[in-house]
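Right, one structure below, let's go through it.
These numbers come from the heavy atoms of this one structure, side chains and all, not from hydrogens, waters or symmetry mates. Naming convention: chains lettered A, B, ... in sequence-line order (proteins, then strands); numbering from 1 in each chain.
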Amino acid sequence: MGGRRGFLVQAALLAATLALVALVAADVLQNMARAGLTPGFGFLGRPANFEIGESLIPYSASDSFARALLVGLLNTIMVAIAGCALATILGVTLGVARLSGNLLLKGLVQAYVEVVRNTPLLLQLFFWSATMHALPAPRRALMPVEGVFLTNRGVFFPWIAAEGGLAWTVLAGFTVAVATAGYAAFRRPRNARLLLSAAALLAAASLGAALFGDPGLSIDAPRLGTFNVSGGFGISPEFLALLAGLTVHSSAIISEVVRAGLQSVPEGQWEAAHSLGLSRGQALRLVVMPQALRVIVPLMISSYLDLTKNSSLAVAIGFPDLVSVISTSANQSGHAVETILIMVAAYLALNLSVSTVMNRYDAKLAARGFAAP
Amino acid sequence: MSRTADAGRRLWAGLFGTWGNTAITLVALAALAWALPPMLRWMVLDATWAGGPEACAARDGACWAFIAAKLRFILFGFYPFAEQWRAAGALALVLLMLGVSAWPRVWSAKLLVAWIAALAVACLLLRGWPGVAAVETSRWGGLPLSLLMSIGALGGAFPLAIALALGRRSELPVVRWLCLGFIELARGVPLIAVLYAATLVLPLALPPGVSFDTLLSVQIAITLFFSAYLAEIIRAGLQSIPDSQFEATAALGFGPWQALRLVILPQALRAVAPALVTLAIGVLQSTSLVAAVGIFDLLNAARAAASDPAWLGFYDEAFVFAGAVYFALCFAASRYSLWLERRRN
């Protein structure tokens, strides 16, 4: 298109877009003025006046709207992280199972994937929600393992109660030891052996402190009441239903991704690895997986984003995620436009940060000589 | 050797070929033996097929009598009972059109006209005409609504998606950035958030005194939302067309619009037909989210059926039935998409 005509088209389009935005803004301002509302984000500081079912940070109805939104955001992040981790474990297992030579296992996994992919996620969430609420009341709780209770008030299991500085030091020591050992075992850096011994030493020291010192560590076991459960670590039925639904739904997609990735590596690579004397496990880990990952990782990240967006269905089964808190806040405060803007900003920030990381990854692959898939 | 014997040997090798394989097969069989009998008992052996809620309460299995009694409610929602033949007619018309359109040989401009006519007739059947009772859109529901919303969203999104896909490839920076901005915005937020925005913000954004039908605003929201996803698929189709095609149309003296309509788009759309069917499956499943803004589509109607005081609590049966309907539609569509892909290669 010619320079002059192109300029005119662009100017007209920009003007039309701005005019539409201005028109809508004028209507919104007028409607808000008639409802006696002052546009702006000042309402965030006012008390929210509604309760939220569960929260990672202390929250009560007299806290501000801003804090209520933070509670919703943290809940979304919590379920997204847990869901992504579990869906990855389940999805990779299923994807590898589907490529196994066993016909029965392959058929079962395929049936699972078809059922999950061909029914709406919301239906699956309703199913999980109904299942969680069909569990017995606390006084007749199911106990699959000693100390773990399944009830219609949620799932409860014993947890470590830590008091005092020494207790936290011991726990931190253990965590660092496990993380180091995991890093050394999976990434196999050159100094893996040194790291493993350091981890073992740290774990032994922490264990020693826990056994022989008096660090104030104890096991907090849940106790059953007639209608409720006290103590221990509890997970609400709403959270469990959402987590189960998101995990199962995404695992089916991830299993397809893993299968496609592994199949994208030519058969000759397996044969070459075999003729070099590598075992099947070594061939998978050292030769095939690194090549499959450049197909798998981008698709996996987009299914993580889908899972995070899908967690907004929480509102249908009563889990207070970001969207659910946003819609309650919009109804309570009347500031629908502002709350929706906050929500859009939160999701866009998430997407932009993930796509930045993705682009870095693609650039890294390109630098190694792989074309971006 | 005969083919059956060969297949038999491969089956045997696939199940018991090695020790590891045999172990996996035995574990899988044990899991099936543990899981299948209770399911079979619930669904068939202990199920109640006829009678009232009392008959169901007397047995342990599924209450299919509930589905039989509430079938019309689940399929048509709160659509007036006496007028449900109209909803059934609209459903039949849409299913017929879907069946006909599955045959690639009928893909043409005429089919597009037929679809527009069919959708208009379906809406007229649901809405009513002079001489029969008018039915407000707030009472539309069930399977015909789910299908009409999905088809309306995809069909309505098409022109916009083509414009967005072309705009994203434009040499003009303002056009490119506006299209990219819209696509990334729509793909970045969850659908349920868009539905809330449509029902909460749209009434505020209209001039005072103007009101909008809830169903229509939800339909517009779904259409805009999926136009971004559709645009990305169409863009992939456009990218699959070699540059020589564009040059050939220029050499033949086609204008840019003519070239697009007669040469480029028909090829681009055929190339991405399987992806379009997959998107259609996603759209049908996503229409279930309209439950969040109080519309009684198939899934929401099934759930509401189980909260009828006379038949309270048969949620499992309602969900299994609705799930079976969705599964039948989506599974057929996904097999069809695979068939299209094989046929293309």
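How far CD1 of B/I24 is from NZ of A/K106: 12.5 Å, rounded to the nearest 0.5 Å. Annotation: the span from A/T119 atom OG1 to B/F331 atom CZ amounts to 12.5 Å, rounded to 0.5 Å. Residue B/L172 holds its CG atom at 11.5 Å from CZ of A/F7, rounded to the nearest 0.5 Å. Separation of atoms CG (A/L123) and OG (B/S288) is listed at 8.0 Å; rounding is to 0.5 Å. Taken to the nearest 0.5 Å, the CG atom of A/L122 stands 8.5 Å off from the OH atom of B/Y326.
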- Task: Starting from the C-alpha separation in whole Å, work towards a yes-or-no answer on side-chain contact (heavy atoms from CB on, under 4.5 Å) for A/L313 and B/I192.
- Result: CA-CA 7 Å; A/L313 298 193; B/I192 210 155; 3.9 Å; yes
- Stepwise side-chain contact (heavy atoms from CB on, under 4.5 Å) check, A/V323 with B/Y196: CA-CA 9 Å; A/V323 174; B/Y196 277 130; 3.8 Å; yes
- Task: Evaluate the side-chain contact (heavy atoms from CB on, under 4.5 Å) criterion for residues B/L200 and A/N331: first the C-alpha distance (whole Å), next the side-chain angles of each, then the deciding distance (0.1 Å), finally the verdict.
- Result: CA-CA 8 Å; B/L200 289 173; A/N331 282 324; 3.6 Å; yes
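Only the side chain of A/N351 comes within less than 4.5 Å of a heavy atom in chain B; its backbone stays farther off. In this structure, chain A has heavy atoms under 4.5 Å from both the backbone and the side chain of B/L289. Interface remark: A/T17 contributes side-chain atoms only to the contact with chain B (heavy atom separation under 4.5 Å). Looking at A/I340, the atoms closer than 4.5 Å to chain B (heavy atoms on both sides) all sit in the side chain, from C-beta outward. Using a 4.5 Å cut-off between heavy atoms, A/L108 contacts chain B through its side chain alone, with no backbone atom that close. For B/R335, the part lying under 4.5 angstrom from a heavy atom of chain A is the side chain only. The part of B/P203 that comes within reach of chain A is its backbone (N, CA, C, O), which places non-hydrogen atoms under 4.5 angstrom from that chain. For a residue to count as touching a neighbouring chain, one of its non-hydrogen atoms must lie under 4.5 Å from one of that chain's; by this rule A/V315 touches chain B with the side chain only.
Counting non-hydrogen atoms of other residues, nucleotides and ligands closer than 6.0 Å to NE2 of A/H133 gives a total above 12.
Contact tally against chain A (heavy-atom pairs below 4.5 Å) for B/V194, B/L329, B/T25, B/L29: the top residue is B/T25. Ranking A/K309, A/R34, A/Q124 against chain B, the residue ahead of the rest is A/K309, based on heavy-atom pairs under 4.5 Å. Between chain A and the residues B/T22, B/V174, B/L32, B/T287, the largest count of heavy-atom pairs under 4.5 Å involves B/V174. Counting heavy-atom pairs closer than 4.5 Å to chain B, the top residue among A/S327, A/A130, A/A316, A/A11 is A/S327. When each of A/M32, A/Q10, A/E114 is checked for heavy-atom pairs under 4.5 Å with chain B, A/Q10 comes out on top.
Contact between B/G188 and A/Y347 at its shortest, heavy atoms only, is O-CB, 3.6 Å.
Listed by chain and number, the residues in a side-chain contact (heavy atoms from CB on, under 4.5 Å) with B/A306 are B/F66, B/Y315, B/A318 (sequence neighbours excluded). In this view, B/F226 and B/L191, B/I222, B/Y229, B/L279, B/V283, B/S286 satisfy the side-chain contact (heavy atoms from CB on, under 4.5 Å) rule, not counting sequence neighbours.
Using non-hydrogen atoms only and a strict 4.5 Å limit, the part of residues 22-31 of chain A facing chain B consists of A/V24, A/D27, A/V28, A/Q30, A/N31.
Proximity of a side-chain donor or acceptor of B/Q285 to a complementary backbone N or O of A/R117 within less than 3.5 Å is detected.
Each ring pair (Phe, Tyr, Trp, His ring centres under 6.0 Å) pair with one or both residues in residues 164-195 of chain B, not counting sequence neighbours, would appear here, but there are none.
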